[in-house]
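Taking it in order: structure first as structure tokens, then the write-up.
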Amino acid sequence: MGKIKIKDILNGKYLQQEVTVKGWVRTFRSNRFIALNDGSCLTNLQIVVDFEALDEQTLKQITTGASIAARGVVVESLGKGQAYEIQTSEIEIIGVSDPEKYPLQPKKHSLEFLREIAHLRVRTNTFGAIYRVRHNLIYAVHKYFHEKGFFNVHTPIITGSDAEGAGEMFTVSALDLDHLPRTDDGQVDFSADFFGKHTNLTVSGQLEGETAALALTEIYTFGPTFRAENSNTSRHLAEFWMIEPEMAFYDLHDNMDLAEEFVKYLVSFALENCMDDLTFLNQRLADEEKQKPQHQRQEMGLLAQLRFVADNEFVRLTYTEAIDILRNAKPNKKKKFAYLIDEWGADLQSEHERYLVEKHFKKPVILYNYPASIKAFYMRLNQDGKTVAAMDVLFPGIGEIIGGSQREERYDVLVEKIKAIGIAEKDLWWYLDTRRFGTAPHSGFGLGFERLVQFITGMGNIRDVIPFPRTPGNAEF
RNA sequence: UCCUCAGUAGCUCAGUUGGUUAGAGCACCUGACUGUUAAUCAGGGAGUCGUUGGUUCGAGCCCAACCUGAGGAGCCA
């Protein structure tokens, strides 16, 4: 049993029928009303018990957190708070929960406290909603690409490529750390390791994804990604999930078109399929905003902002245009920026991106054609010889949600850039092969999945949108 | 990694210029209650004041180091 979900009962499918429901007790009031939740939806089902029909032992074990089965008839509720309820005289305690020790109480808990009990926080309204929205977005990612004819490619999680250049990596090793084999010059001898060479957890599936795009035309990856950077912010994780589409015969503008359409699709999908959970999260955010001083509050609520993003064109402007705007912006002239903008070529800081998105345009912004000097080696050099065909999608609140580029498909230009940054050609022999045999213009981008979930759920800290966050100093559970 | 702030009961917090036995709400326990909605009412238990060291007759309060958390910055997705 356990096939009947509370969601279906609340939809009215089982009115006047006898059913068995199973779930976890949220509250038990007046010795009579159980609020039962099975995770199928946000709303609890009210179980009305005839306590004279139950023995005292069973009654005592109906406590917050306990799992139970209840058998009874679905009826229209006599009370005001809900449409349906179950009248029952048959309760089975499946798993008891000592109320003195169970950490979740029917009251508000801080997100910081719930992070310490990540194995139980999914039993709260907020995290139940986040898990469900996250699932729907995972599904929407595959649905979108599948319907457009893209193929999902599993790129390796353990990589032997030393040259991805996207940050610090975690070494993967089966060597005995207490007795490390050494070479003659004292270095760790990775030739004695499992793979016969030094290997890492991947920081990006892009380079492998490119090889697939140059055969299947349109592909995407959706997998875990690892960064060993000591980042302690509300927007960074050491283990996160990234979506990386890669498309042959796309230039930078095709790439931006896809990125914008894709993000809007995901936002719309959530609005169409997760309205109950989003309405709850909208209210949660509104309550939280009320605690803040007025000048720090956001103008739009969560739902309003999601609709705004789904319905409006993103602004597109070049790095050069952005520098012009920023140079003449009030905070720059009044020296309010911590980093003042004066020269072309400066890297943009968070405060500048925020100004453009939240103050100047008040909508998502796509910046493109960045100086080559501040971007990765594989990005395609533009005709001006000083900018590359790179683009970043910037969102209010969370900043960079997508980073992408048209890739350098010209063998000679690519080899020059690889040499210039000091990577050995032989380490990328397989990547360079794609430029030697049937190379083609192609483009792609990376979307940080948790940042997207953050935006759609309105959660301020990225550690609250992944079930078990991995951050510096934290790998509990 | 840097800057700022915080750490007191299971949770959220108050705690006066350093001064007797450290408080509240919620939660929990006991009792009452057959239409409650974070139920309500009466009573009860509950603390190594983050850790270590120091100043002092006396430290939850002052000083130092460390640990943990949050916000911001850098790196980025």
Side-chain angles (χ1 to χ4, degrees), chain A residues 26-35 43-54 59-60 63-65 75 77-82 85 87 89 97-117 124-125 165-168 203-206 224-244 259 291-292 296 337-339 347-351 353-354 374-376 392-395 398-404 445-455 460-466 471-474 476:
Chain A
R26 288 289 177 83
T27 62
F28 183 36
R29 286 184 292 271
S30 306
N31 258 355
R32 187 160 167 76
F33 304 100
I34 301 169
T43 315
N44 300 326
L45 176 66
Q46 176 152 288
I47 313 284
V48 185
V49 300
D50 179 358
F51 73 61
E52 284 178 346
L54 292 179
L59 214 54
K60 280 214 149 141
T63 59
T64 301
V75 298
S77 179
L78 300 174
K80 278 180 185 161
Q82 56 284 314
E85 65 190 18
Q87 297 277 359
S89 54
S97 172
D98 182 347
E100 226 163 332
K101 305 230 174 81
Y102 188 60
L104 290 172
Q105 303 155 10
K107 61 168 280 194
K108 244 200 161 65
H109 291 291
S110 67
L111 295 171
E112 292 82 12
F113 170 68
L114 292 172
R115 250 171 249 156
E116 294 170 9
I117 48 167
T124 64
N125 287 334
E168 292 295 309
V203 291
S204 164
Q206 182 198 315
T225 317
F226 308 87
R227 305 277 164 92
E229 265 141 31
N230 192 8
S231 295
N232 292 287
T233 80
S234 54
R235 311 181 297 287
H236 289 87
L237 292 165
E239 175 183 294
F240 63 100
W241 291 70
M242 191 150 65
I243 298 147
E244 295 179 287
Q291 309 294 319
K292 293 184 187 168
Q296 284 179 19
F337 282 147
Y339 297 85
D347 206 352
L348 298 181
Q349 309 292 320
S350 293
E351 57 180 345
E353 297 177 350
R354 278 192 117 112
I374 59 172
K375 287 290 179 181
D392 284 350
V393 180
L394 308 177
F395 262 39
I398 45 179
E400 186 181 342
I401 194 168
I402 285 177
F445 61 82
L447 170 77
F449 184 62
E450 281 74 21
R451 290 196 181 166
L452 176 84
V453 181
Q454 249 191 300
F455 180 75
N461 195 313
I462 201 164
R463 293 162 202 197
D464 296 329
V465 299
I466 188 167
T471 52
N474 197 342
E476 193 64 57

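Order of the sequence lines fixes the chain letters, A, B, ..., with proteins taken first and strands second; residue numbering starts at 1 for each chain.
- Taking atom C1' on both B:G69 and B:U12, the two are 15 Å apart, rounded to the nearest angstrom.
- Distance from the side chain of A:S234 is smallest for B:G72 among the nucleotides B:U12, B:G72, B:A70.
- Under the side-chain contact (heavy atoms from CB on, under 4.5 Å) test applied with A:L452, the options A:V465, A:I401, A:I402 reduce to a single match, A:I401.
- With rounding to whole Å, A:F113 atom CZ is found 14 Å from B:A70 atom P.
- The same atom, C1', is picked in B:A64 and in B:A27; the two are 38 Å apart, to the nearest Å.
- Side-chain contact check for A:R463 versus A:Q454: every heavy-atom pair is 4.5 Å or farther apart.
- When the P atom is compared between B:C57 and B:G50, the two are found 24 Å apart, to the nearest whole Å.
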Can you check nucleotides 73-75 of chain B for protein contacts, nitrogen or oxygen pairs under 3.5 Å, and list what you find?
from	atom 1	to	atom 2	distance (Å)
B:A73	N6	A:N232	O	3.4
B:G74	OP1	A:Q349	OE1	2.7
B:G74	OP1	A:S350	N	3.3
B:G74	OP2	A:S350	OG	2.9
B:G74	N2	A:N230	O	3.3
B:C75	O2	A:S231	OG	2.7
B:C75	N3	A:H236	NE2	2.9
B:C75	N4	A:H236	ND1	3.3
B:C75	N4	A:H236	NE2	3.0

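- Residue contacts for A:I401: at a heavy-atom cut-off of 4.0 Å it reaches the sugar-phosphate backbone alone, with no base atom in range.
- Residue side chain A:Q105 reaches the base of B:G10 through a donor-acceptor N/O pair under 3.5 Å, judged by distance alone.
- Of the candidate nucleotides B:G69, B:C29, B:A77, B:G69 has the atom nearest to the side chain of A:R115.
- For B:G60 and B:A22, the P atoms lie 10 Å apart once the distance is rounded to whole Å.
- Between A:I117 and A:L104, the closest side-chain pair of non-hydrogen atoms falls below 4.5 Å.
- Using atom C1' as the reference point in both B:C49 and B:A9, the two lie 10 Å apart (nearest Å).
- Note: A:L114 CG to A:H109 NE2 = 6.5 Å, rounded to the nearest 0.5 Å.
- Judged by Watson-Crick or G-U wobble contacts below 3.5 Å, the nucleotide B:G58 has no partner.
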A:Y339 and A:D347: side-chain contact (heavy atoms from CB on, under 4.5 Å), yes or no, with the steps? CA-CA 10 Å; A:Y339 297 85; A:D347 206 352; over 6 Å; no
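- At least one side-chain heavy atom of A:D392 sits under 4.5 Å from a side-chain heavy atom of A:K375.
- As rounded to the nearest Å, B:A6 and B:A14 have P atoms that lie 11 Å from one another.
- Following rounding to the nearest Å, A:Y102 (OH) and B:C29 (P) show an atom-to-atom distance of 14 Å.
- Inter-residue side-chain proximity for A:F449 and A:I466 is flagged as unmet; no heavy-atom pair is nearer than 4.5 Å.
- Base-pair partner of B:U1: B:A73 (Watson-Crick or G-U wobble, both distances under 3.5 Å).
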Just the table, please: protein N/O against nucleotides 34-41 of chain B N/O, every pair under 3.5 Å.
from	atom 1	to	atom 2	distance (Å)
B:U34	O2	A:R32	NH1	2.4
B:U34	O2	A:R32	NH2	3.4
B:U34	O4	A:E52	OE1	2.8
B:U34	O4	A:E52	OE2	3.0
B:G35	N7	A:R32	NH2	3.2
B:G35	O6	A:Q87	NE2	3.0
B:G35	N1	A:E85	OE2	2.8
B:G35	N2	A:Q46	NE2	3.4
B:G35	N2	A:S77	OG	3.4
B:G35	N2	A:G79	N	3.1
B:G35	N2	A:E85	OE1	2.6
B:G35	N2	A:E85	OE2	3.1
B:U36	O2'	A:R29	NE	3.3
B:U36	O2	A:R29	NE	3.0
B:U36	O2	A:R29	NH2	3.3
B:U36	N3	A:Q46	OE1	2.9
B:U36	N3	A:Q46	NE2	3.0
B:U36	O4	A:Q46	NE2	2.6
B:U36	O4	A:Q82	NE2	3.0
B:U37	O4'	A:R29	NE	3.4
B:U37	O2	A:Q82	OE1	3.3
B:U37	N3	A:Q82	OE1	3.3
B:U37	O4	A:K80	N	2.9
B:U37	O4	A:G81	N	3.3
B:A38	N3	A:P106	O	3.3
B:A39	OP2	A:R29	NH1	2.5

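- For B:A39, there is no paired nucleotide, since no Watson-Crick or G-U wobble pair has both relevant distances below 3.5 Å.
- At the heavy-atom level, A:K375 lies nowhere under 4.0 Å from the strands shown.
- The residue among A:H109 and A:N474 whose nearest nucleotide of RNA chain B is located toward the 5' end is A:H109.
- Rounded to a whole Å, the CG atom of A:L114 is 17 Å from the P atom of B:G10.
- Of the possible donor and acceptor atoms, none in the side chain of A:E85 sits under 3.5 Å from a partner among the backbone N and O of A:S77.
- Base-pair partner of B:G7: B:C67 (Watson-Crick or G-U wobble, both distances under 3.5 Å).
- Annotation: B:U17 and B:U40 have their P atoms spaced 36 Å apart (nearest Å).
- Annotation: of the two residues near RNA chain B, A:E112 and A:I462, the 5′-most nearest-nucleotide partner is A:E112.
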B/S/- contact track for nucleotides 42-47 of chain B, protein heavy atom under 4.0 Å: ------
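- Pairing partner, B:U20: none, since no Watson-Crick or wobble contact has both distances short of 3.5 Å.
- In this structure, CD of A:E116 is placed 8 Å from P of B:G69, rounded to the nearest angstrom.
- The nucleotide B:C28 finds its pairing partner in B:G44, both defining distances of the Watson-Crick or G-U wobble pair being shorter than 3.5 Å.
- Of the possible donor and acceptor atoms, one in the side chain of A:E244 sits under 3.5 Å from a partner among the backbone N and O of A:G205.
- Note: CD (A:E353) to P (B:G72) measures 15 Å, nearest angstrom.
- The main-chain N or O of A:S97 is found under 3.5 Å from a side-chain atom of A:T63 such that the two form a donor-acceptor pair.
- Side chain of A:T225 to main chain of A:V203: no donor-acceptor pair is present (N/O by atom type, distance under 3.5 Å, no hydrogens or angles).
- Between B:A59 and B:C75, the distance separating the two P atoms is 48 Å to the nearest Å.
- Under the 3.5 Å distance criterion, with hydrogens and angles disregarded, no donor-acceptor pair is assigned to the side chains of A:R235 and A:T233.
- Residue contacts for A:I402: at a heavy-atom cut-off of 4.0 Å it reaches the sugar-phosphate backbone alone, with no base atom in range.
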Evaluate the criterion side-chain contact (heavy atoms from CB on, under 4.5 Å) for residue pair A:E450 and A:H236; output intermediate values, then yes/no. CA-CA 9 Å; A:E450 281 74 21; A:H236 289 87; over 6 Å; no
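- You'll find the side chain of A:R29 reaches within 4.5 Å of the side chain of A:Q46, heavy atoms only.
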